[in-house]
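Accompanying notes for the structure given below.
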Amino acid sequence: MATRLQSSLRLVARQTGATLARTPVWNRPVAWATRAAFSTKAPQFFAAPHGKVTYTADKYPYLKRDNTFKKLSEEDVTYFKSILVPSSITQDSEDLETFNVDWLNKYRGQSKLVLKPSSTEQVSKILKYCNDHKLAVVPQGGNTGLVGGGVPVFDEIVVSMSNMNTVRSFDNVSGALVCDAGCILEVLDKYLEERGYLMPLDLGAKGSCHIGGNVSTNAGGLRLLRYGSLHGTVLGLEVVLPDGTILDNLSTLRKDNTGYDLKQLFIGAEGTLGVVTGVSILAPKRPKAINVALLGMDTFDQVQAAFKRSKDELSEILSAFEFWDRAAIKLVKEHLVAGANDPLESLHNFYVLIETSGSNKDHDDEKLNTYLEGLMGDEIVQDGVVAQDTTQILNLWAIREGIPEACSKAGAVYKYDISMPVPVLYQAVEDMKARLVQSDAYGDGKLFTSVIGYGHVGDGNLHLNVAAEKFTNEATALIEPYIFEWTAGHSGSISAEHGLGVSKNNFLHYSKSASMIELMKRFKEMLDPNGIMNPYKYLPDK
Ligand code: FAD
Ligand code: MLT
Ligand code: ZN
């Protein structure tokens, strides 16, 4: 049993000298609850009724194919066959569905061709040809994106990066890792683990997502609080521009103040400016001591109080501060194996998962215990456990990482990924629920069945998920643009970490001024004058 934090038991770990998770969480076995759900191929584990997903173009009739783009011809395919081996070209209609449909089963494109280059030179030849012939392109990584950015809208050619998956170099002194963009995040982390390092980002989709996809979405994830954003940890990029130019900026330097920092433009560009083919990233040393605690609380004020104290009392060893609500745990219990792992006795309104990572176990244990005792003593926490070994650490993380999948099993899930000042973070969930109740659209047999809140408290990032019977215009109209107005009205961002894709591009003005959007458009026009890179997305089209 994990150590409970109930009055008489809460000091057990310290009094008996029992160890709190001696083995680092990153040594966890591959086959555990959420991990097992992911394959190294494009995700198919939902037994996705791909054929039944409505075409994006039908769902959003305002989207019109840009007819300045050429339609794919046999001649084009013949060219691609001259530069790629046959196994790197997909035209079979069933195989194409995997690349046409997104993880959420919400977006479905109509591409007739997937190309899987194995080298930067091949990417360069593909883009040059597409640019010369005005063929539109969608770069695709692991297809785990949550805003429909990685799948086509119409007949764009998918350039899948899955065959570019080699580590190019690793510097054991600085921790600089240079790799192909198609390397899977988890595979890179395993590679680094063997060398005493770790990837500076971690997310539930790690078993499928590519580092190139992470960079292109500027993914945040579970430990941004500790290791910072990719805008800081990425040291350099290799990018193929739409005209085929290879921009080689695979620097491994930590400091380099020579000219504009061009790589920053491609971090979070969601494939609209070019294809990222190589990534240089700074890996931190792998912590020797990891502790994970799961806490149950009554109110979001208590969550905030615990967070504030964690910054004071755990400070440099704090590596994650995640939260979820009662609706989230109910779905995890209902839909996922991970739900069976909930070690708390009863349901709580709020849950917090705290992770510490450091280099001295005794020091970290002491700090965490003092912190937890304080929370219990001041009745900020109603119940809690501290993991005692790696398995328990994995189980606690499995609950958190299982939430996105559990939500998606609840029906058609509308996902909002917003950042804002922490004090108003949960109000977004409450206000949304109240709105749906008032509209008589919430509950059994109604349009919406659940409103769920979870996310990265440490980063002021809420994941507001609204589960509906199905995706309909009527349902959408009840949530949008309300949620974006709400977010802007609370000084927030309409996309904290998932990006814009095709689901948020027309709401960009809620977070960026007209002059900023105008400058973005000018960058786009300069680098991609034919607009072939990932069209219909990212920048507003209305
Ligand atoms: P894809 O989905 O294939 O593509 C995403 C975007 O990047 C698209 O616009 C695509 O065109 C572009 N792109 C991909 N590769 C390249 C390339 N090489 N060059 C240029 N453009 C490219 N996100 C978070 O930020 N934090 C989380 O904690 C998190 N957790 C998740 C958990 C689950 C279960 C799931 C399903 C998703 C999660 N995500 C999270 C969202 C998603 O995993 C991330 O956005 C991830 O970074 C996408 O990587 P990918 O390789 O799957 O990219
Ligand atoms: C997460 O934090 O779990 C991810 O961003 C995915 C999601 O929001 O569902
Ligand atoms: Zn997230």
Side-chain angles (χ1 to χ4, degrees), residues 34-35 37-38 42-43 45-46 99 102-104 107 117 120 123 127 137-152 156 158-162 164 180-185 201-224 229-230 237-242 266-279 320 322-324 328 397 400-408 413 415-419 452-457 459 461-465 495-503 505 533-535 537-538:
T34 42
R35 179 69 40 80
F38 291 92
F45 49 88
F46 282 135
F99 299 89
D102 79 322
W103 191 88
L104 289 166
Y107 300 101
T120 304
V123 175
L127 288 198
V137 168
V138 176
Q140 191 176 95
N143 196 7
T144 66
L146 299 172
V147 291
V151 291
E156 300 88 272
V158 175
V159 175
S160 163
M161 298 303 287
S162 53
M164 287 191 64
D180 286 349
C183 289
I184 288 170
L185 179 59
L201 80 160
D202 186 17
L203 31 149
K206 62 189 137 251
S208 292
C209 64
H210 295 183
I211 187 66
N214 301 148
V215 166
S216 299
T217 52
N218 186 24
L222 305 164
R223 293 192 184 84
L224 185 138
S229 104
L230 288 168
L237 292 179
E238 179 188 77
V239 181
V240 178
L241 300 180
F266 298 93
I267 299 174
E270 299 182 38
T272 58
L273 299 179
V275 175
V276 176
T277 48
V279 177
E322 298 285 311
F323 99 102
W324 57 94
W397 268 118
R400 166 61 185 94
E401 294 186 52
I403 297 171
E405 191 180 338
C407 287
S408 68
V413 60
K415 292 183 90 73
Y416 300 94
D417 158 46
I418 51 187
S419 58
I452 308 119
Y454 58 98
H456 318 287
V457 175
D459 314 326
N461 181 184
L462 171 74
H463 294 309
L464 167 65
N465 284 226
S495 176
E497 57 171 9
H498 294 166
L500 298 162
V502 72
S503 62
N505 59 331
M533 296 305 305
N534 221 356
K537 299 167 187 159
Y538 200 71

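Start at 1 and go down the list; that is how both ligands and their atoms are numbered.
Between Gly141 and ligand 1, at least one N/O pair is under 3.5 Å apart. On a distance-only criterion, Val138 and ligand 1 share no N/O pair closer than 3.5 Å. Note: no N/O pair closer than 3.5 Å links Asp202 and ligand 1 by distance alone. The shortest N/O to N/O separation between Asn534 and ligand 1 falls below 3.5 Å. Among the atoms of Asn218, none of the N or O lies under 3.5 angstrom from an N or O of ligand 1. Looking at Tyr454 next to ligand 2, an N or O pair under 3.5 Å apart turns up. Inclusion of Met161 in the set of residues having an N or O under 3.5 Å from an N or O of ligand 1 is not warranted. Polar contact with ligand 1: present for Gly142 (N/O pair, distance under 3.5 Å).
Each of the atoms 9 (O), 11 (O), 12 (C) of ligand 1 lies under 4.0 Å from some heavy atom of Glu270. Of all atoms in ligand 2, numbered sequentially from 1 with element shown, those under 4.0 Å from a heavy atom of His463 are 1 (C), 2 (O), 4 (C), 5 (O), 8 (O). Interface atoms of ligand 2 facing His456, defined by a heavy-atom separation under 4.0 Å, are 2 (O). If you number the atoms of ligand 1 from 1 as listed, the ones under 4.0 Å from a heavy atom of Cys209 come out as 49 (O), 50 (P), 51 (O), 52 (O).
Using 4.0 Å as the threshold, Gly220 has a heavy atom nearer than that to some atom of ligand 1. Residue contacts with ligand 1 include Gly274, since one or more of its heavy atoms lies under 4.0 Å from the ligand. Distances from ligand 2 to the non-hydrogen atoms of Arg400 include at least one value under 4.0 Å.
Going from atom CG of Asn143 over to atom SG of Cys209 covers 11.5 Å, rounded to the nearest 0.5 Å. From Thr144, atom OG1 reaches atom NE2 of His210 across 8.5 Å, with rounding to the nearest 0.5 Å. The CG atom of Leu222 sits 6.5 Å away from atom CG of Leu203, with the distance rounded to the nearest 0.5 Å. Taken from CD in Glu322 to CZ in Arg400, the straight-line distance is 4.5 Å, to the nearest 0.5 Å. Here Asn214 contributes atom CG and Cys183 contributes atom SG; the two are 11.0 Å apart, rounded to the nearest 0.5 Å. Separation of atoms CG (Asn218) and CD1 (Ile267) is listed at 6.5 Å; rounding is to 0.5 Å.
Residues Val240 and Thr120 meet the side-chain proximity criterion, which asks for heavy atoms closer than 4.5 Å. Looking only at side-chain heavy atoms (C-beta outward), Asn534 and Pro139 come within less than 4.5 Å of each other. With a 4.5 Å cut-off on side-chain heavy atoms, Glu497 and Thr217 do not count as touching. A heavy-atom distance below 4.5 Å is not found between the side chains of His463 and Ile403. Side-chain contact between Ser419 and His456 is absent, with no heavy-atom pair separated by less than 4.5 Å. Looking at Glu270 and Val147, their side chains come closer than 4.5 Å, going by heavy atoms from C-beta outward. With a 4.5 Å cut-off on side-chain heavy atoms, Leu237 and Val215 count as touching.
The closest non-hydrogen atom to atom 4 (C) of ligand 2, taken over His498, Glu405, Glu401, comes from His498. With distances taken over non-hydrogen atoms, the option nearest atom 16 (C) of ligand 1 out of Ser208, Gly499, Gly148, Ser216 is Ser216. Of all the listed residues (Gly271, Ala219, Gly182, Pro139), Pro139 holds the heavy atom that lies closest to atom 11 (O) of ligand 1. The residue among Leu222, Asn214, Ile403, Val502 with a heavy atom at the shortest distance from atom 47 (O) of ligand 1 is Asn214.
Every residue meeting the side-chain contact (heavy atoms from CB on, under 4.5 Å) condition with Pro535, not counting sequence neighbours, appears here in chain and number order: Phe69, Ala136, Glu156. The ring pair (Phe, Tyr, Trp, His ring centres under 6.0 Å) search around Tyr416 returns Phe484, not counting sequence neighbours. Applying the side-chain hydrogen bond (donor to acceptor under 3.5 Å, both in side chains) test to Tyr454 and every residue at least two apart in sequence or in another chain returns Lys415, Asn465.
Here Leu146 has side-chain heavy atoms under 4.0 Å from ligand 2, and that is the only part of it that gets that close. Contacts between Val276 and ligand 1, counted as non-hydrogen atom pairs separated by less than 4.0 Å, involve both the backbone and the side chain. The side chain of His498, and not its backbone, has at least one atom closer than 4.0 Å to an atom of ligand 1 (non-hydrogen atoms only; side chain from C-beta on).
If you look at the Zn ion (ligand 3), the protein N, O or S atoms less than 2.8 Å from it are His456 NE2, His463 NE2, Glu497 OE2.
With Thr277 contributing its side chain and Glu238 its backbone, the two residues share a donor-acceptor pair below 3.5 Å.
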